[in-house]
Amino acid sequence: ILTRVNLYLTKKKIKSRYSNFAKKGDLILTKSTLTKDGTTATVSKGLTFEQTIEFIETIKRSYNGETAIHPIDMIWKELFGDLHTVSANLFLTNFVYHRQREHDVKVKNVKQLFTRLNRMEIYSGNSAPARG
């Protein structure tokens, strides 16, 4: 569910946050149930729909670069590695041609895009302005 809403956390961090969420909310995470053979077993109770939404909202509010990988940074690293800036040619090759599979775009189109983005000043905390 978290991946579907663009919140990327390791399983360890999810378990830790879930445990903290459960403690703060005094949630009963397990219940005893009678099995077919007459013994008692402990099973997971789970969360209500409302509790699930609250848990996701809790994660969303605390989402930052220290606890999770921001989707923009994840995509950037996948496409360009540790580079902080990329040329129009590299962007065109790695992203437009290979990732988007759009072959009718030219370098001048990418430079125009870079100009617009740089004017808007939309950067991830780990990224620098694109260069033409």
Side-chain angles (χ1 to χ4, degrees):
I1 292 174
L2 295 175
T3 304
R4 288 277 190 185
V5 294
N6 295 325
L7 296 172
Y8 300 93
L9 295 168
T10 64
K11 286 184 180 188
K12 183 179 178 181
K13 287 181 182 177
I14 292 170
K15 286 180 182 182
S16 171
R17 288 189 180 194
Y18 181 75
S19 181
N20 290 338
F21 175 78
K23 288 175 191 170
K24 288 178 184 174
D26 295 323
L27 302 177
I28 300 170
L29 301 178
T30 59
K31 66 179 178 180
S32 295
T33 188
L34 197 58
T35 62
K36 289 181 182 179
D37 64 4
T39 61
T40 304
T42 302
V43 295
S44 175
K45 183 177 177 189
L47 298 174
T48 65
F49 179 77
E50 290 79 11
Q51 290 168 331
T52 304
I53 297 301
E54 185 181 344
F55 176 59
I56 292 171
E57 284 297 319
T58 301
I59 290 174
K60 190 174 156 187
R61 281 191 302 272
S62 66
Y63 190 82
N64 62 49
E66 295 171 17
T67 57
I69 301 168
H70 195 282
I72 292 170
D73 294 328
M74 189 171 69
I75 293 167
W76 181 274
K77 189 165 183 81
E78 181 183 318
L79 291 170
F80 307 112
D82 293 326
L83 295 175
H84 291 287
T85 59
V86 296
S87 68
N89 286 326
L90 185 60
F91 183 85
L92 182 66
T93 302
N94 288 17
F95 181 70
V96 178
Y97 291 163
H98 294 137
R99 185 65 173 250
Q100 297 295 108
R101 302 190 192 285
E102 293 184 33
H103 298 283
D104 58 339
V105 179
K106 306 292 179 215
V107 173
K108 74 175 189 163
N109 303 117
V110 173
K111 288 181 180 182
Q112 290 169 346
L113 172 66
F114 282 4
T115 299
R116 276 191 239 130
L117 290 175
N118 285 331
R119 262 193 243 128
M120 293 169 58
E121 295 184 356
I122 298 178
Y123 316 120
S124 149
N126 295 329
S127 300
R131 50 166 227 235

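All residue numbers refer to positions in the sequence shown, counting from 1.
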Where do His103 and Lys106 come nearest, in terms of heavy atoms and distance?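 Result for this residue pair: O-NZ, 4.4 Å.
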
*asked:* Please give me the minimum heavy-atom distance between Ala88 and Val107, naming the atom from each residue.
replied: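 Heavy atoms only, the tightest pair is CB-CG1, 4.0 Å.
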
When you measure from the side chain of Tyr97 to the backbone N and O of Val105, does any donor-acceptor pair fall under 3.5 Å?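 Between the backbone of Val105 and the side chain of Tyr97 there is a qualifying donor-acceptor contact (under 3.5 Å).
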
- Using modelled atom types only, decide if a donor and an acceptor are shared between the side chain of Ser19 and the backbone of Lys15 within a distance under 3.5 Å.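 Pair absent, no side-chain N/O of Ser19 close to backbone of Lys15.
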
With rounding to the nearest 0.5 Å, note down the distance linking [atom1] in [X] to [atom2] in [Y].
{"X": "His84", "Y": "Trp76", "atom1": "NE2", "atom2": "CH2", "result": "9.5 Å"}
{"X": "Lys111", "Y": "Leu92", "atom1": "NZ", "atom2": "CG", "result": "10.5 Å"}
{"X": "Ile56", "Y": "Glu54", "atom1": "CD1", "atom2": "CD", "result": "11.0 Å"}

Apply side-chain contact (heavy atoms from CB on, under 4.5 Å) to the pair Leu83 and Leu90, showing each step before the final yes or no. CA-CA 11 Å; Leu83 295 175; Leu90 185 60; 3.6 Å; yes

Does [X] reach the side chain of [Y], with side-chain heavy atoms less than 4.5 Å apart?
{"X": "Ile59", "Y": "Phe21", "value": "no"}
{"X": "Phe91", "Y": "Leu113", "value": "yes"}
{"X": "Arg99", "Y": "Asn94", "value": "no"}

